[in-house]
2 protein chains.
Amino acid sequence: MIQVGIVGYGNLGRGVEYAIQKTEDLELVGVFSRRAPETVETVYAETNVYALNTILDFKEKIDVLVLCGGSKDDLPQQTPELAEHFAVVDSFDTHANIPDHFAKVDEAAQKGKQVAIISTGWDPGLFSLNRIMMEAIIPDGKTDTFWGKGLSQGHSDAVRRVDGVKGGVQYTIPSEVAMEKARSGSKEELETKEKHVRECYVVLEEGADAKEVEQAIVTMPNYFEPYDTTVHFITEEELARDHQAMPHGGFVIRSGQTGEGTNQTMEFSLKLDSNPEFTSSVLVAYARAAARLAKEGVVGAQTPFDIAPKYIHPKTNEQLRKQYL
Amino acid sequence: MIQVGIVGYGNLGRGVEYAIQKTEDLELVGVFSRRAPETVETVYAETNVYALNTILDFKEKIDVLVLCGGSKDDLPQQTPELAEHFAVVDSFDTHANIPDHFAKVDEAAQKGKQVAIISTGWDPGLFSLNRIMMEAIIPDGKTDTFWGKGLSQGHSDAVRRVDGVKGGVQYTIPSEVAMEKARSGSKEELETKEKHVRECYVVLEEGADAKEVEQAIVTMPNYFEPYDTTVHFITEEELARDHQAMPHGGFVIRSGQTGEGTNQTMEFSLKLDSNPEFTSSVLVAYARAAARLAKEGVVGAQTPFDIAPKYIHPKTNEQLRKQYL
Ligand SMILES: NC(=O)c1ccc[n+]([C@@H]2O[C@H](COP(=O)([O-])OP(=O)(O)OC[C@H]3O[C@@H](n4cnc5c(N)ncnc54)[C@H](OP(=O)(O)O)[C@@H]3O)[C@@H](O)[C@H]2O)c1
Ligand SMILES: NC(=O)c1ccc[n+]([C@@H]2O[C@H](COP(=O)([O-])OP(=O)(O)OC[C@H]3O[C@@H](n4cnc5c(N)ncnc54)[C@H](OP(=O)(O)O)[C@@H]3O)[C@@H](O)[C@H]2O)c1
């Protein structure tokens, strides 16, 4: 059994606790949190919670750590720190800072002779893998990434700041028209604003004017004005009942030409009822890979680009060839 | 530049000749055929054609061979024979014989200290990769593969054997109803016959009775009777004009549950106007991987499961991380 530790217990931490239960070859040693362990309530009563600052005592008991901190403030510090002492995986998703994060994690992992897989998850992660594989196969073409249907935190906040709005959420939805263009083999560049439409579900404050609120939203510069935006008015009960989940997903589409202009289209898509639970499931599959690579003596920072797919699946290579190839 | 040889010049061989032109890091040394070189007509006039039995003279000039023979009779012999002397890739697609093919190729490659990547292409190949990755990520779920829309050689032959049929083709098409079930997260097993519908385009012989021909087709045991089959009657001109391409494609769909029953759906699909040209493009990307692995000293048979994605893309790992992750 591969012995796993969870570092940080938010949405991803909870998702990893669930995902480990679904495997037959991974076992949870415990959750490590910066908060007082007795204040952290886990999904399963039997899950151990420890103070993060005691984690070095577990060096011999843990094969791999799944780092579930936030990309903004936690992982830039936690991944390098822990990669010096443990095999680790994270889902660092600040795209622009990936080269820097990679360099820091690599230095620490090299120093401690550990392996560290960064930026797993779905974007970065599975979407990135599809972007490079599709381009490698059809060099003469164009790749488009569409996000959604998904709840956008930043845009939901913007809606809630509008006068007369009591509560609300915003979903980003890929535009069907733009997706058809992407699939068609056309080389026309699509702008972000024509690739997505925005849908808002809003609860009005008493006495607020619906028309005014709608206008204020759809004309909001940057956030909504450039997009095709629809506003739906709902009750507080509906907001609580229908809009508390964290759905997300998206599409990577590459369309291009082979031979004398023959069209070929490849597409990868996700429809996720829970973004964090799915991301956690990807983290856990790559945790398996990290534990195996550590056993093989691989050292240093890696990304999903560096990992042969067989490492994430629990079966042997012989079984995979026989049953899935 | 990576120096490439093509072995066997049929649909795939031609597709590889095209695909190499679309790359910036691969160069074609020549085509090697069992036929007399002067009888083989290549796409580009400048392409060299050599007799296959002279290929050992090219050992120093070639980094990797792309094997384009048929899976039934050519590759079982050619891949092991050539893997002893060259880095090779093939698209061997007789699923049931893959373990045996792998063992024979591995023995030869080990003996000659070469690398050999077998069963690239799309099924086996990209579809297989998606099957293992999706299952590894969402262990509690169900994967379905759908094929089409694609021309089926065997079923087209069956249509043409019916009395009163002058010519015709048959397309296998995934059933929309079955695909929606696969996406829904239901664990219900779908039978092959409910997963696909069949569409026939038929040219009648003069005086033949359309109703009788249609009945003979849709009631044909095994081939059509178990399926939802539609027969369209067309003219000889339409058959020649609209049904000569080799389209294919399909879908790999996995739907499953995380947490307390949260539904997650992953989907990979291809819509190919030319099956052989696409398969050739995959072969060429894996030829790049084989040449690179050979340089690193990797020896023995490999499948797409063993190849880290970075190896198939021409850019450096730094560029990939910065631009695509
Ligand atoms: N690559 C991808 O596709 C992808 C997709 C989705 C998300 N992500 C990344 O995943 C990161 C983590 O997401 P998340 O939703 O798990 O974030 P989160 O719920 O905010 O948790 C982040 C950290 O905050 C602390 N925390 C959680 N709940 C707390 C509470 N009630 N009070 C005080 N502290 C609490 C936890 O650390 P302690 O236990 O130590 O306090 C936890 O590790 C995101 O920043 C994002 O970058 C990546
Ligand atoms: N993995 C996948 O997803 C996938 C997808 C599609 C196909 N495939 C595989 O690819 C294999 C090859 O497909 P293909 O369409 O390229 O087969 P093909 O056109 O029949 O060519 C096979 C071989 O037949 C010989 N040949 C071709 N044209 C000829 C002619 N006019 N006269 C005499 N001999 C000729 C060539 O060898 P010489 O030049 O030595 O005579 C060639 O290597 C298939 O068997 C299939 O298994 C795999």
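In this text the structure is predicted, and so the values were computed from the model without any measurement. Just so we're on the same page: letters track the sequence lines, and every chain starts at 1. Note: hydrogens, waters and symmetry copies are ignored here, and every other heavy atom, side chains too, is used.
- Comparing B/Val282, B/Thr143, B/Thr23 by how many heavy-atom pairs each has under 4.5 Å with chain A, the most go to B/Val282.
- Here NZ of B/Lys271 is found 8.5 Å from OG of A/Ser255. Values are rounded to the nearest 0.5 Å.
- A pairwise comparison of heavy atoms in A/Thr262 and B/Ser274 identifies CG2-CB, 3.5 Å as the closest pair.
- Note on B/Arg288, B/Glu318, B/Met266: by heavy-atom pairs under 4.5 Å with chain A, the leading option is B/Met266.
- Most heavy-atom pairs under 4.5 Å with chain A: of the set B/Gln21, B/Glu17, B/Arg321, B/Arg14, this distinction falls to B/Arg321.
- Most heavy-atom pairs under 4.5 Å with chain B, from the set A/Ile307, A/Leu283, A/Asp140, A/Asp306: that is A/Asp306.
- Proximity of A/Phe305 to B/His313: side-chain heavy atoms (C-beta onward) are nowhere separated by under 4.5 Å.
- Contacts of B/Ile253 with chain A are absent, with no heavy-atom separation under 4.5 Å from either backbone or side chain.
- When each of A/Tyr324, A/Trp122, A/Phe268 is checked for heavy-atom pairs under 4.5 Å with chain B, A/Tyr324 comes out on top.
- Most heavy-atom pairs under 4.5 Å with chain A: of the set B/Thr303, B/Ile98, B/Ile132, B/Leu129, this distinction falls to B/Ile132.
- Summarising the geometry of B/Ile137 relative to A/Ala285, their closest heavy-atom pair is CG1-CB, 4.1 Å, with the distance given to 0.1 Å.
- Heavy-atom distances place both the backbone and the side chain of A/Ile312 under 4.5 Å from chain B.
- Heavy atoms of B/Asp93 lying under 4.5 Å from chain A are absent altogether.
- Between chain B and the residues A/Ser281, A/Ser269, A/Pro124, the largest count of heavy-atom pairs under 4.5 Å involves A/Ser269.
- The candidate from A/Glu24, A/Met133, A/His95 with the greatest count of non-hydrogen atom pairs under 4.5 Å with chain B is A/Met133.
- The number of heavy atoms from other shown groups lying within 6.0 Å of CD (A/Glu107) does not exceed 12.
- Screening B/Thr258, B/Thr265, B/Ile138 for a side chain to side chain contact (heavy atoms under 4.5 Å, CB included) with A/Phe278, the sole residue that qualifies is B/Ile138.
- Closest approach of A/Leu325 to B/Ser119, counting heavy atoms only: CD2-CB, 3.8 Å.
- Neither the backbone nor the side chain of B/Arg254 has a heavy atom closer than 4.5 Å to any heavy atom of chain A.
- Both the backbone and the side chain of B/Leu270 come within less than 4.5 Å of a heavy atom in chain A.
- Of the atoms belonging to B/Met246, not a single heavy atom falls under 4.5 Å from chain A.
- No part of B/Val284 comes within reach of chain A, as not one of its non-hydrogen atoms sits under 4.5 angstrom from that chain.
- For the set B/Pro139, B/Pro99, B/Pro314, B/Gly259, the entry with the most heavy-atom pairs within less than 4.5 Å of chain A is B/Gly259.
- Contact between A/Glu135 and B/Lys315 at its shortest, heavy atoms only, is OE2-NZ, 4.5 Å.
- In this structure, A/Lys104 places its NZ atom where only 12 or fewer heavy-atom neighbours from other residues, nucleotides or ligands lie under 6.0 Å away.
- The contact between B/Tyr286 and chain A is made entirely by side chain atoms (from C-beta outward), counting heavy-atom distances below 4.5 Å.
- Heavy-atom contacts from other residues, nucleotides or ligands closer than 6.0 Å to NZ of A/Lys22 number more than 12.
- Between B/Glu260 and A/Tyr18, the shortest heavy-atom distance links the atoms OE2-OH, 2.7 Å.
- The heavy-atom pair separating A/Pro309 from B/Pro309 by the smallest distance is CD-CD, 4.5 Å.
- At least one donor-acceptor pair under 3.5 Å links the side chain of A/Gln264 to the backbone N or O of B/Asp273.
- Heavy atoms of other residues, nucleotides or ligands lying less than 6.0 angstrom from NZ of B/Lys187 number more than 12.
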